[in-house]
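Note: hydrogens, waters and symmetry copies are ignored here, and every other heavy atom, side chains too, is used.
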Amino acid sequence: MLDTLGSLEKTHSCGELRETDVGKKVVLMGWVAKKRDFGVLTFIDLRDRDGVTQIVVSEETDLDAHEKAKALRGEYVVAVRGEVFSRAEGTHNKRLATGDVEVHVHELLILNDAKTPPFELEKMGSQNLASEDLRLKYRYLDLRRPTLQHNIRMRAKAVRAIREYMDGLGFTEIETPILLKSTPEGARDFIVPSRIHTGKFFALPQSPQILKQICMIAGLDKYYQIARCFRDEDLRADRQPEFTQLDVEMSFANQEMVYRVIEGMFTAVLRLIGVELPNPFPRMTYAEALRRYGSDKPDLRFEMELQDLTENLRGTDFAPFASVLENKGEIKALVVKGKADYSRKTTDELQEFVKRYGAGALAWIKLGEETTSSLLKVLGEAKIAELATAAGAEKGDAVLIVAGKKSTVAAALGALRLEVAKRENLIDRSLYKPLLVTEFPMFEYNDETGQFDAAHHPFTSPMDEDLEKFRTAIEDETQHHLLGEVRAKAYDAVLNGYECAGGSIRIHQKEIQALNFKALGLSAETARTRFGFFLDALEYGTPPHGGFAAGIERTCMILCGTENIRDVMAFPKTASAQDLMMDSPGDVDNAQLKELGIKIAG
RNA sequence: GGGGGUGUAGCAUAGCGGCUAAUGCGCCUGAUUGUCGAUCAGGUCAUCGCGGGUUCGAGUCCCGUCAUUCCCGCCA
């Protein structure tokens, strides 16, 4: 027989009672995390969102309550009325925030019973969690775990800190529609059919890009939004089909003004975990980041920069290297400190690893008691020694070498750098290293189409310094390749190797915009159909403007110290974009489809 | 679209060609006055993901498939 709550109200949470509360009459409510039954004395660990408090029920003093306590099982929902006592000498529990006290119960109400959970919730000190798919199916149980409770609330705090910060700078929070038309980002859209307009579809926003620019044209001057975004692309550990970003746009802004907003925002958010970021953030151009770290989002929590051996190997007879150099490729290396003892097995594994990024092979030099190298036979001892010195390696180090196309070498060694850091535990997890990466390229060459695509998006402004090059490349057919060298007023904010924000200064003049469409191979007509309303708007006095978008989940992952985006979302989807709790996406019945005028092919 | 890992009781794991598939936790019953990963005694729980193949014999080897996860492509 279950009890009713009646007018009973809890006086404290299960995480807040302390020594100073001793003697207070309290009412606590929560879930039974654990019961320890000693016959005439029963202990209950009572858990709510704030923590765990030990409840003591004694047969001698409270027969009724004790009778009920005996019947309790895990996850039963109870209310207790009792008095706070200091714990006896030697029975304090340092692992509980409330471990100095306990509540002696006089009245116990069983508000609800519970089935035995399909998996054990997180216990203090427990390691082996149930598999993630099971926990996702019973997300409401998984969310009871202290870790996830903490993450969800940390996320709420982060979002609130962001709102306070943006509001303090005079930005206006503006909601934009979820049902809109396809925007020009490169991702696949989620499509929503319309009953009223049979055969027509809305698209969910991949980001509010165009609308925030429209807000600038509308004279709103400073816009921000905590915006949900949708992309129908494959998932990753830090990617979900729907995610949230802080979307910001400001008028009459140059890069420096945007950087200051980004820096201030991340600084405010990181203070939530007691971290003070440098002011201003360190900066690096895109080209420098790629050259030194092989990545446009370098993790600066450890050194191990890429070393260029290209010039040392120019003119080599070794055919694989010679052909790389002939094709304007490069040869670079990583020095792994103190790892001359890497086994053949390890270097083989690392070779397999870099092959995933398109590298042909991984050459190595080990400066152990003797110097050994996979290249010893083909290059000779003297050359090997020269390469090791050029790479900055010392006795005891290993040198890992990749040759190939510039982009391949960067991708392979950039990834290998992270892999080695992980294997060798080189990352100090107490560090928080932000970086502004600037001067992103304006265009990316697309091997498949033979055309240049927008690296950021088609409204990104070229750098003033590269405007001449930009014009020449478009107006002179023979100079088209110069597009690859044009830099944009585009930037990313990187934190601990995660791309946490990105943005640009936009084009606000229609002449430059027209040139850009031409560069992208978009005819005037196509541009018209795709962005007509926006092009119209551009002609009515568009102010210079720019902004950025910051990933809320990625930022929260860093705040919470997790590498799994699902740990910072209340209801995430699996890697195959399914919700295991709701079992979505699901079928709809034929009547619904008919009403929408949709037929499923096949 | 491609590649790697995982799938054995409610949960986490072991078993990797040969007796009745093992251990811990959970769960159930009982004992128990200070525990907090309680303890003790007893008990319960398995189409070894699914389908096919090899073999005298398959949880174990092979092929396929499904689920999940990580990565490449993709996602500015």
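Taking D62(A) as the reference, nothing meets the salt bridge (charged side-chain N to carboxylate O under 4.0 Å, His left out) condition, with sequence neighbours excluded. Residues that satisfy the salt bridge (charged side-chain N to carboxylate O under 4.0 Å, His left out) test with K35(A), not counting sequence neighbours, are absent from this structure. Not counting sequence neighbours, D492(A) has no partner by the salt bridge (charged side-chain N to carboxylate O under 4.0 Å, His left out) test.
R135(A) comes within 4.0 angstrom of nothing in the nucleic acid, heavy atoms only. Using a 4.0 Å heavy-atom distance criterion, R73(A) is classed as a sugar-phosphate-only contact. Counting any heavy atom pair closer than 4.0 Å across all strands shown, D232(A) reaches no nucleic acid atom. Heavy atoms of F440(A) sit nowhere under 4.0 angstrom from any nucleic acid atom. Base engagement by R36(A) is indicated by at least one non-hydrogen atom pair under 4.0 Å involving a base atom. Within 4.0 Å (heavy atoms only), S576(A) reaches sugar-phosphate atoms of the nucleic acid but no base atom. Across all strands shown, E102(A) has heavy atoms under 4.0 Å from base atoms, whether or not it also approaches the sugar-phosphate. Residue contacts for A88(A): at a heavy-atom cut-off of 4.0 Å it reaches no nucleic acid atom on any strand shown.
The pairing partner recorded for U32(B) is none, the criterion being a Watson-Crick or G-U wobble arrangement whose two distances lie under 3.5 angstrom. Using the Watson-Crick or G-U wobble rule with both distances under 3.5 Å, C27(B) pairs with G43(B). Partner assigned to U65(B) is G49(B), using Watson-Crick or G-U wobble distances below 3.5 angstrom. Across all strands shown, U55(B) forms no Watson-Crick or G-U wobble pair with both key distances under 3.5 Å. Base pairing of C75(B): no nucleotide in any strand meets the Watson-Crick or G-U wobble criterion (both distances under 3.5 Å).
Side-chain atoms of L580(A) lie closest to U68(B) of the nucleotides U69(B), G34(B), U68(B). Nearest nucleotide to the side chain of D133(A), out of U68(B), G1(B), G34(B): U68(B). Among G73(B), U69(B), U35(B), the nucleotide with an atom closest to any side-chain atom of R566(A) is U69(B). Checking U68(B), C74(B), G73(B) against every side-chain atom of R188(A), the shortest atom distance belongs to C74(B).
Electrostatic pairing of K345(A) and D348(A) does not count as a salt bridge here, judged by no charged N lying under 4.0 Å from a carboxylate O.
Nucleotide A76(B) holds its P atom 11 Å from the CZ atom of R554(A), rounded to whole Å. K94(A) places its NZ atom 14 Å from the P atom of C36(B), with the value rounded to the nearest Å. Note: OH (Y357(A)) to C1' (G4(B)) measures 12 Å, nearest angstrom. Distance CG (L96(A)) to C1' (U35(B)): 12 Å, rounded to an integer number of Å. The nearest whole Å value for the distance from the CD atom in E563(A) to the P atom in U69(B) is 16 Å. Atom CD of Q213(A) and atom P of A76(B) are 15 Å apart (whole Å). Taking atom NZ of K573(A) as the reference point, atom P of U68(B) lies 13 Å away to the nearest angstrom. The distance between atom CD of E352(A) and atom P of C72(B), rounded to the nearest whole Å, is 16 Å.
Checked options Q513(A), Q213(A), H457(A); the residue passing with R506(A) is H457(A) (criterion: side-chain hydrogen bond (donor to acceptor under 3.5 Å, both in side chains)).
Q578(A) has a side-chain polar atom (N or O) that falls below the 4.0 Å cut-off from OP1 or OP2 of U68(B). Proximity of Q206(A) to the phosphate of C75(B): no side-chain N or O atom is located under 4.0 Å from OP1 or OP2. Phosphate contact (OP1/OP2 of G26(B), side-chain N/O of K34(A), threshold under 4.0 Å): present. The side chain of T91(A) places no N or O atom within less than 4.0 Å of a non-bridging phosphate oxygen (OP1 or OP2) of G34(B).
Residues in residues 402-422 of chain A take part in these side chain to side chain donor-acceptor pair (under 3.5 Å) pairs, two or more places apart or across chains: E419(A)-R423(A). Residue pairs satisfying the salt bridge (charged side-chain N to carboxylate O under 4.0 Å, His left out) criterion with at least one member in residues 569-584 of chain A, sequence neighbours excluded, are listed as follows: E242(A)-K573(A).
Remark: K469(A) NZ to M442(A) CE distance equals 13.5 Å, nearest 0.5 Å.
The P atoms of U60(B) and G15(B) are separated by 14 Å, rounded to the nearest whole Å. U69(B) and C28(B) have their C1' atoms separated by 35 Å, given to the nearest Å. Rounded to whole Å, the separation between the P atoms of C40(B) and G34(B) comes to 14 Å. Of the C1' atoms belonging to G26(B) and G10(B), the separation is 7 Å, rounded to the nearest Å. G49(B) and A9(B) are spaced 14 Å apart, taking the C1' atom of each and rounding to whole Å. Between the C1' atoms of U44(B) and G3(B), the separation comes to 43 Å (whole Å). Taking atom P on both C71(B) and C11(B), the two are 26 Å apart, rounded to the nearest angstrom. Using atom P as the reference point in both A58(B) and G17(B), the two lie 14 Å apart (nearest Å).
Between Y445(A) and H481(A), a ring centre-to-centre spacing not shorter than 6.0 Å is recorded.
Scanning atom types as modelled, no donor and acceptor separated by under 3.5 angstrom connect the side chain of E89(A) and the base of G34(B). Judged by distance alone with a 3.5 Å cut-off, no donor-acceptor contact links the side chain of R231(A) to the base of C74(B). Residue-to-nucleotide contacts include no donor-acceptor pair under 3.5 Å from the side chain of R236(A) to the base of U69(B). Judged by distance alone, with hydrogens and angles left aside, H456(A) brings a side-chain donor or acceptor within reach of the base of A76(B), the pair sitting under 3.5 Å. No hydrogens or angles were tested; on distance alone, a donor-acceptor pair under 3.5 Å links the side chain of R239(A) to the base of C75(B).
Closest-nucleotide positions on RNA chain B for G90(A) and R356(A) were compared, and the one nearer the 5' end corresponds to G90(A). Where K70(A) and A455(A) meet RNA chain B, the nucleotide closest to each residue was compared, and K70(A) sits on the side nearer the 5' end.
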Between the protein and nucleotides 6-11 of chain B, which nitrogen or oxygen pairs come in under 3.5 angstrom?
residue, atom, partner, partner atom, Å
G10(B), O2', P118(A), O, 2.4

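By the 30° and 60° cut-offs, the orientation of the rings of F517(A) relative to F459(A) is perpendicular.
Residues D453(A) and N446(A) bring a donor and an acceptor atom of their side chains to less than 3.5 Å of each other.
The side-chain ring of F38(A) is not stacked on the base of U32(B), judged by centre separation under 5.5 angstrom and plane angle under 30 degrees.
The closest donor-acceptor contact from the side chain of K489(A) to the backbone of S504(A) lies at 3.5 Å or more, if one exists at all.
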